[in-house]
Every structure is written in C-alpha cells, then in structure tokens.
Amino acid sequence: MKSLRLSVVLGIFFAGLALTPAFGADWRATVGAQSQDKGRQALAFLPNEIWIHAGDSISWTSVVDEIHTVTFLTDAQSRPPFPVGCPGFSFGAASFDGSTCVTTPPIVSGQTFTVTFPEVGNFKLVCLVHEDMTGVVHVLDADARLPHEQSFYDREGARQAHELLSAENLRAHHHENSANSIAVGIGKIVANGGGHDTVSLMRFVEPELVIRAGTTVEWTNFDPITPHTITFGVEPGNPIPPSGNVTVDADGALHATISSTSDSVHSGFIVSAPQERIGLPQAPLGTTRFRITFTEPGVYPYICALHDDLGMKGRIIVLASEPSH
C-alpha cells in the first residue's frame, strides 16, 4: 500500500529540517539494508552499537524502501505507535540527553537524521515500526579513549548487512500438510552485543497457485515479528482489522469466501504473537493463518497491503471444478 505508507512517511518530514549542531565529531551509520529486488529487508541499525564522546553527534541515513524510525525513548516510557511519535516528531536534527523522547517520523531511502548527545550515558536506540530493531549508543567523557574509528563502523555495518541478507537466514518453508498453502513472509531475529536485528523476506513464497473451484487456500505467516496482510480487491483505509466478510474457524484461523473476481477480502494483520516476558501477563495467541475458499473460476490477484511497494504480490488462478463421473 504505497500511497498509505508514503503519505505517513513523506508528508511532513522535510517541513522542519534543522541544521546539524556544529560542535563535536559527527559519526555516521545507516538504517536498514535490502536486496536488489527489495524482497529481503534487514530491519537493523548498521552498526547497532557505537561509542562516542559527549558532545558528538551521529547521523543515521536510511538506505532502504521499507519505512523505519530513529527513536530514543526515555527510561520506562511506554512504546508509542509510530504514527504518533513521542508524541510528535523531530525533523533533521535533535539533541538527546535521556530526559525527553526524540523520534523521527517514518523515514525512507535518502533521508538522514542527526542526534547530538551532550551527556554521558548509555542510550537505547529503537525503531517504532519494528519491535526487534534496536541498538545502543555509548556516550563517554570527552577525554575517554574511544575503541573504534569511523572506518570500523563502516566495515561493521557492511558486515552485519551482508550476514543478515544472506540466503542462510531465510530458507523457504516447505508445507507438508497441504499442497494449497502459501508462506506469507519468512523472518529471523538475531541478537548481538548491541541489541536485536531482524531480517524479513517480504514475499509470498510460491505466490501463484492453480486450483479448482471449491478449493480452500491457506496462507501462514512464518515471520516471528513482521505483520503482513492478504488483500484481494480494494485496499482498506485501516489495514489492521480484517474486512467484515471474514470469519474465524474453530482452530482460530481466519476464513473468507470469494465468489467473484470483483470481490474484496482483507485478512487484516497476520502476525505471530508477541514474545513472552517474565513478569508480564501472557500474550494472546497470534493470528498467523488466513484461509480463502474460491467458488468460481477466474484470476484473482492479491497483495500484502503493507509491503506491495516492495513487490509482495501474488495471484490465484481458479479453474472450473472437475466434472463428476
């Protein structure tokens, strides 16, 4: 849903661009990495751990088409939705000392945000769009020896991006239970000393099926954190809930019936349950499966309404049912 996503991203980002502060060194890092076809997305700050001096700044530049934020929350602050921000957003540059939240709106390729750190401390960096995309900035006294130079961070960021996007991280899942099943993305969460990175395949695996009328197709999200949708026809204004013609099967999977190529059906978010954390209430089960029964022949294109601009599309070709003998 490129228009929906980019309206949030680009609408106001350049309206309040500020100048980068002139004092201290300016370090550089990137936001995200992607394959040439945009299907593999490294949801990561690259690198995700940097040591600097008080008074220095770091400029983060997005190099991907997926949206991200550069966000520093205060201690114990509840994580806000990315369209809301702190609430509110900073534009171009900001200063963070741990006392007041700082965040960009969603940014995409080519956009840069610079943060100056006037105070000593260890500050967690997060993306409000992707839960398992975190990092840390270690701010040391001005006379402390720094462990690395910019050239190290350039190499480390490139190394992390290469490892995240490698084929070994995203192997296709094979379906043993049904020939009419489609994987809705694949993902993996990776931890290191700086935080969490995620790599996601923004694709329907084997996205085209040929079936007979009366057949039910099942989509399953194999990504541990990234939501997707299965959307036929008109895209909804709010992609989170399912369309009104979706029901729930006894095993918790969502289910709809399509009887015409003009029908619109939307799964809402298909996503794994949140990770469990000690001391917090148990999370509810995730909605990870969506089924559609196709009753009439035709060609039925579909998309993920969140990631179609990255190429996440497919189609179901429905043939007439076999004559009975």
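When reading the values below, keep in mind they use all heavy atoms of this one structure, side chains included, and skip hydrogens, waters and symmetry mates.
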Look at atom [atom1] of [X] and say whether more than 12 heavy atoms of other residues, nucleotides or ligands are closer to it than 6.0 Å.
X: Leu285; atom1: CG; result: no
X: Arg79; atom1: CZ; result: yes
X: Glu149; atom1: CD; result: no

Val137 vs Phe117, side-chain contact (heavy atoms from CB on, under 4.5 Å): CA-CA, chis, key distance, verdict
CA-CA 9 Å; Val137 177; Phe117 298 87; 4.1 Å; yes

Take Thr114 and Asp26, measure what side-chain contact (heavy atoms from CB on, under 4.5 Å) needs, and give me the verdict at the end.
CA-CA 9 Å; Thr114 301; Asp26 183 26; 4.2 Å; yes

Considering only NZ, NE, NH1 and NH2 on the basic side and carboxylate oxygens on the acidic side, decide whether Arg289 and Asp251 come within less than 4.0 Å.
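Asp251 and Arg289: not salt-bridged.
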
Do Phe72 and Phe123 have ring centroids that are under 6.0 Å from one another?
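When the ring centroids of Phe123 and Phe72 are compared, they turn out to be at least 6.0 Å apart.
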
Proximity of Tyr302 and Phe204 rings by center, below 6.0 Å:
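Yes.
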
Can you list the steps and then say if His255 with Thr216 is a side-chain contact (heavy atoms from CB on, under 4.5 Å)?
CA-CA 9 Å; His255 199 148; Thr216 297; 4.1 Å; yes

Is there a side-chain contact (heavy atoms from CB on, under 4.5 Å) between Leu319 and Val210? Walk through the geometry before answering.
CA-CA 7 Å; Leu319 307 178; Val210 179; 3.8 Å; yes

Donor + acceptor pair across side chains of Thr198, Asp132 (<3.5 Å):
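Thr198 vs Asp132: no donor-acceptor pair found between side chains.
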
Give a yes-or-no answer on whether the side chains of Glu66 and Gln41 include a donor-acceptor pair shorter than 3.5 Å.
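Side-chain D/A pair, Glu66 to Gln41: absent.
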
Enumerate the residue pairs fulfilling salt bridge (Lys or Arg N to Asp or Glu O under 4.0 Å) with a member in residues 240-249, sequence neighbours excluded, ordered by first and then second residue.
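Listed once each, the pairs are Asp249-Arg291.
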
Exactly one of Asn180, Ile316, Leu209, Thr215 should register a side chain to side chain contact (heavy atoms under 4.5 Å, CB included) with Phe294. Which one does?
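Output: one option passes, namely Ile316.
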
